[in-house]
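The structure appears below as structure tokens.
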Amino acid sequence: MSPRPTWLATRSAELRAALLDLGLTITDTEAQKILDNKVSEYAALMRVTRQTAQRDFTDERLISFAQSLALSLSDEAPGANLIEFERTISMPVAAVGLTTAALAEALKVAHINLDDKETVAGLSLLSTLGMITADASAFLVPVPRPLLLRIARYLDGAATSITGGANLPDGLDETNRQHFADILAQDADGIRALANTDDGDTPALWRTPNPH
């Protein structure tokens, strides 16, 4: 007798089908990871068990989530070469520094948890940001909006993973778990806000680097 499909396997297949109807294709592994993070985030936010969070994730909520996810991912220009993408966001050098540091911390999370796929994805984002920054010749670095949105989502994923009990990078102990996750989430929010800044405006830095 075949084993009964898990809730995550069943729901991720339904999520993939809903996204396909919206013109977006993702792998089963990606669907399961996105859905797993969403359920963990909901359980932590509502202070309920994972089983309750799964039960609350109704068919209607799955369709709504698929719609918002498709819209979000389409903004990230999936499949596009971001090196050649139009660079419409003016990013202060200090913001580039904060973003680079945040990506490095999120990469530590992927590495310590032996997640090769996330490690490769993070390194790709870091490399792209570095190459784009190298092209800049002024205080403001022009960057593609989709790159910032991809980085913000990557940081959100690391924050959710840490909140959900993933292994902490070397040098951090349990007392710092939530603070570490909060900083990653704050950086994600700041980068996302920068990505949505109106053309021509110089965005404020979302937090002070190395406060004393």
Side-chain angles (χ1 to χ4, degrees), residues 5-46 48 50-82 85-86 88-89 99 102-103 106-107 109-110 113 115-122 124-125 128-129 143-166 181-182 184-197:
T6 65
W7 180 93
L8 187 59
T10 300
R11 276 309 205 189
S12 64
E14 293 168 351
L15 177 61
R16 289 181 67 200
L19 288 172
L20 186 61
D21 287 343
L22 296 168
L24 187 66
T25 302
I26 62 174
T27 67
D28 186 58
T29 299
E30 290 170 333
Q32 289 202 28
K33 184 174 183 62
I34 290 170
L35 194 54
D36 187 52
N37 287 341
K38 184 66 177 178
V39 170
S40 297
E41 179 183 331
Y42 178 83
L45 180 65
M46 303 302 293
V48 297
R50 186 174 181 84
Q51 186 176 17
T52 298
Q54 291 176 348
R55 188 167 56 248
D56 289 348
F57 205 82
T58 61
D59 292 343
E60 292 77 13
R61 180 164 291 176
L62 183 140
I63 294 300
S64 177
F65 177 56
Q67 291 171 341
S68 63
L69 182 62
L71 182 62
S72 173
L73 292 179
S74 65
D75 283 347
E76 295 180 16
N81 182 346
L82 295 186
F85 207 90
E86 184 181 8
T88 59
I89 304 297
T99 302
L103 267 175
L107 274 163
V109 175
N113 288 280
D115 193 332
D116 291 341
K117 184 174 181 179
E118 284 299 299
T119 299
V120 170
S124 178
L125 292 171
T128 301
L129 180 61
V143 297
R145 180 173 180 268
L147 174 62
L148 298 183
L149 295 176
R150 292 185 195 184
I151 291 173
R153 181 164 59 86
Y154 188 83
L155 298 183
D156 275 335
T160 300
S161 179
I162 289 298
T163 299
D182 289 344
L184 286 172
Q186 181 184 0
D187 285 338
D189 288 342
I191 293 167
R192 194 175 291 108
L194 192 153
N196 292 315
T197 301

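Computation of the quantities below employed the complete heavy-atom set of this structure, encompassing side-chain atoms and omitting hydrogens, waters and symmetry-equivalent molecules. Please read these numbers as outputs of a predicted model, since none were measured by experiment.
- Considering only heavy atoms from C-beta on, T6 stays 4.5 Å or farther from R11 through its side chain.
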Exercise for the section: Decide yes or no on side chain to side chain contact (heavy atoms under 4.5 Å, CB included) for R192 and I151, but give the supporting numbers first. Expected result: CA-CA 9 Å; R192 194 175 291 108; I151 291 173; over 6 Å; no
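- Separating the CD1 atom in I34 from the CG atom in L15 is a distance of 7.0 Å, to the nearest 0.5 Å.
- Atom CG of residue L149 and atom OG of residue S74 lie 10.0 Å apart, to the nearest 0.5 angstrom.
- Here the closest heavy-atom approach between residue G122 and residue L103 is recorded as O-CD2, 4.5 Å.
- Under the 4.5 Å side-chain criterion, counting only non-hydrogen atoms from C-beta, F85 is not in contact with R145.
- Side-chain atoms of T119 come within 3.5 Å of backbone N or O of D115 as a donor-acceptor pair.
- Taking each heavy atom of L184 and A158 in turn, the nearest pair found is CD1-CB, 3.9 Å.
- A185 approaches D156 most closely through the heavy-atom pair CA-OD1, 4.3 Å.
- For K38, there are no salt bridge (charged side-chain N to carboxylate O under 4.0 Å, His left out) partners at least two apart in sequence or on another chain.
- For the pair P146 and L82, the minimum side-chain heavy-atom distance is below 4.5 Å.
- The nearest pair of heavy atoms linking A53 to A43 is CB-CB, 3.9 Å.
- Rounding to the nearest 0.5 angstrom, the gap separating the OH atom in Y42 from the CG atom in D56 is 3.5 Å.
- Using a 4.5 Å heavy-atom threshold, the side chains of L35 and W7 count as touching.
- Minimum interatomic distance between R55 and T58 (heavy atoms only, all atoms of both residues): O-CG2, 4.2 Å.
- Atom-to-atom distance recorded for L19:CG and F65:CZ is 8.0 Å, nearest 0.5 angstrom.
- Two residues are said to be in side-chain contact when any heavy atoms from C-beta on lie closer than 4.5 Å; T99 and D187 fail this criterion.
- The salt bridge (charged side-chain N to carboxylate O under 4.0 Å, His left out) analysis of residues 60-77, with sequence neighbours excluded, yields the pairs E76-R153.
- Rounding to the nearest 0.5 angstrom, the gap separating the OG1 atom in T197 from the CG atom in L194 is 5.0 Å.
- In this structure, S124 contributes its side chain and V120 its backbone to no donor-acceptor pair below 3.5 Å.
- Between A181 and I162, the shortest heavy-atom contact is CB-CG2, 4.0 Å.
- Inter-residue side-chain proximity for N37 and K33 is flagged as met; some heavy-atom pair is nearer than 4.5 Å.
- Rounding to the nearest 0.5 angstrom, the gap separating the CG atom in L129 from the CZ atom in R150 is 13.0 Å.
- Of the possible donor and acceptor atoms, none in the side chain of D36 sits under 3.5 Å from a partner among the backbone N and O of Q32.
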